[in-house]
Amino acid sequence: MLSAQERAQIAQVWDLIAGHEAQFGAELLLRLFTVYPSTKGYFPHLSACQDAAQLLSHGQRMLAAVGAAVQHMDNLRAALSPLADLHALVLRVDPANFPLLIQCFQVVLASHLQDEYTVEMQAAWDKFLTGVAVVLTEKYR
Amino acid sequence: MSNFTAEDKAAITGLWAKVNVEDAGGETLGRLLVVYPWTQRFFDSFGSLSSPSAIMGNPKVKAHGVKVLTSLGEAIKNLDDLKGTFGQLSELHCDKLHVDPENFRLLGNVLVTVLAVLHGKEFTPEVQASWQKMVAGVASALGSRYH
């Protein structure tokens with residue numbers, strides 16, 4: 001459960017990212033593939049050539065989903081249900097990979113926001129993204 | 001075990017040279033205790049950990065954070081033998097402190113985010129990769145003599 005302060009922190013950070021979903025998303029994916037090469041297997045077309053346009057396009061899609069999650073923080077299960085189905089039935093990303101993505105997300109936020117990335121923001125976003133990951137893997141079995 | 005390339009070593013030592021351990025130590029341990037509150041279980045004697053500002057301002061947290069990062073700094077001089085460097089500390093963390101090695105992984109990840117805060121764009125994906133390798137190596141070395 002997210003407290004009122006946590007919701008505010010989450011929204012505050014999102015306001016700084018909104019409009020830049022493609023750029024942040026592309027960097028997220030680039031970090032994921034560079035730091036954790038085993039994740040590339042889940043993105044065969046993307047990771048083979050690491051074409052900037054494709055990274056931006058897929059990054060945009062992923063961050064747009066995060067944005068939707070931010071809008072529906074109170075009801076992630078309903079808002080992310082189609083994505084949960086996708087991950088359970090089609091993508092089947094091993095749940096162990098979500099913490100890796102979250103770590104890269106934290107580094108993207110930290111490196112862009114720097115001093116503005118307070119400890120409270122980091123805590124709120126870690127809790128939030130972990131909650132998103134739980135929902136996305138909930139229907140696996 | 002991690003094999004550090006020349007690029008890894010350059011990224012690690014180069015960045016570390018610019019880190020103020022006095023500041024980064026407290027920031028790193030403080031963020032660990034705030035973001036993953038269950039880690040506070042090891043620090044009952046540290047006084048007030050009741051809020052993020054209490055934690056970040058706690059002098060014992062700062063002092064211990066400096067201690068931890070100083071030890072890490074020593075390890076950076078010995079990247080090819082992390083297990084040897086951390087052997088005794090591994091025994092200490094197992095036998096006396098009873099710290100779940102998962103905590104080393106959490107602290108390492110928090111350190112990486114603190115380095116990202118400090119260095120911004122300079123903390124490129126490649127530099128991050130070298131540092132994640134570094135903290136993974138340290139975590140593994142610290143857990144190596146658990147029994």
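Heavy atoms only: backbone and side chains are in, while hydrogens, waters and symmetry mates are out. All chains are named by letter (A, B, ...) in the order of the sequence lines, taking the proteins before the strands, and each is independently numbered beginning at 1. Because the structure is predicted, anything quoted here is derived from the model rather than measured.
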Between atom [atom1] of [X] and atom [atom2] of [Y], what is the distance when rounded to the nearest 0.5 Å?
X	Y	atom1	atom2	result
B:Leu118	A:Ser111	CG	OG	11.5 Å
A:Gln103	B:Gln128	CD	CD	6.5 Å
B:Phe123	A:Arg31	CZ	CZ	7.0 Å
B:Arg31	A:Asp126	CZ	CG	11.5 Å

If you group Ile, Leu, Val, Met, Phe, Trp and Tyr by side-chain heavy-atom gaps below 4.5 Å, do [X] and [Y] land in one group?
X	Y	answer
B:Leu72	B:Val61	yes
B:Leu32	B:Leu111	yes
B:Phe46	B:Leu106	yes
A:Leu136	A:Leu101	yes
B:Val127	A:Leu29	no

Between [X] and [Y], what is the shortest heavy-atom contact and its length?
X	Y	answer
A:Val35	B:Pro125	CG2-O, 3.9 Å
B:Pro52	A:Glu120	CB-OE2, 3.6 Å
A:Ala123	B:Val34	CB-CG1, 4.1 Å

Do any side-chain atoms of residues 58-68 of chain A form donor-acceptor pairs under 3.5 angstrom with protein atoms, and if so which ones, sequence neighbours left out?
none

Item to complete: Check each atom of A:Asp115 against the heavy atoms of chain B and say whether the ones under 4.5 Å are side chain, backbone, both or neither.
Response: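 Looking at A:Asp115, backbone and side chain both touch chain B.
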
Practice prompt. Please flag which part of A:Gln122 lies under 4.5 Å from any non-hydrogen atom of chain B: side chain, backbone, both or neither.
Written response: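 Its backbone and side chain both get close to chain B.
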
Discussion item. If you count heavy-atom pairs within less than 4.5 Å of chain A, which of B:Val114, B:Val112, B:Asn109 leads?
Written reply: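 Option with the top pair count is B:Asn109.
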
Fill in: Side chain to side chain, A:Tyr117 and B:Thr113, heavy atoms closer than 4.5 Å
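Side chain of A:Tyr117 against side chain of B:Thr113, heavy atoms only: no contact under 4.5 Å found.
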
Item to complete: For atom NZ of B:Lys62, decide whether the heavy atoms of other residues, nucleotides or ligands shown that lie under 6.0 angstrom number more than 12.
Response: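 No, because the 6.0 Å sphere around NZ of B:Lys62 holds 12 heavy atoms or fewer from other groups.
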
Worksheet item: Above 12 or not: heavy atoms from other molecules or residues under 6.0 Å from NZ of B:Lys67?
Response: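 No, because the 6.0 Å sphere around NZ of B:Lys67 holds 12 heavy atoms or fewer from other groups.
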
Item to complete: Would you mind checking which part of B:Thr124 comes under 4.5 Å of any heavy atom in chain A, side chain (CB onward), backbone (N, CA, C, O), both or neither?
Response: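 Answer is backbone: N, CA, C or O of B:Thr124 sit under 4.5 Å from chain A.
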
Fill in: Largest heavy-atom contact set with chain B, pairs under 4.5 Å, which of A:Leu109, A:Val108, A:Val119
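Answer, by heavy-atom pair count under 4.5 Å with chain B: A:Val119.
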
Fill in: ring pair (Phe, Tyr, Trp, His ring centres under 6.0 Å) against A:Tyr36, all qualifying residues, sequence neighbours excluded
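For A:Tyr36 there are no ring pair (Phe, Tyr, Trp, His ring centres under 6.0 Å) partners, ignoring immediate neighbours.
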
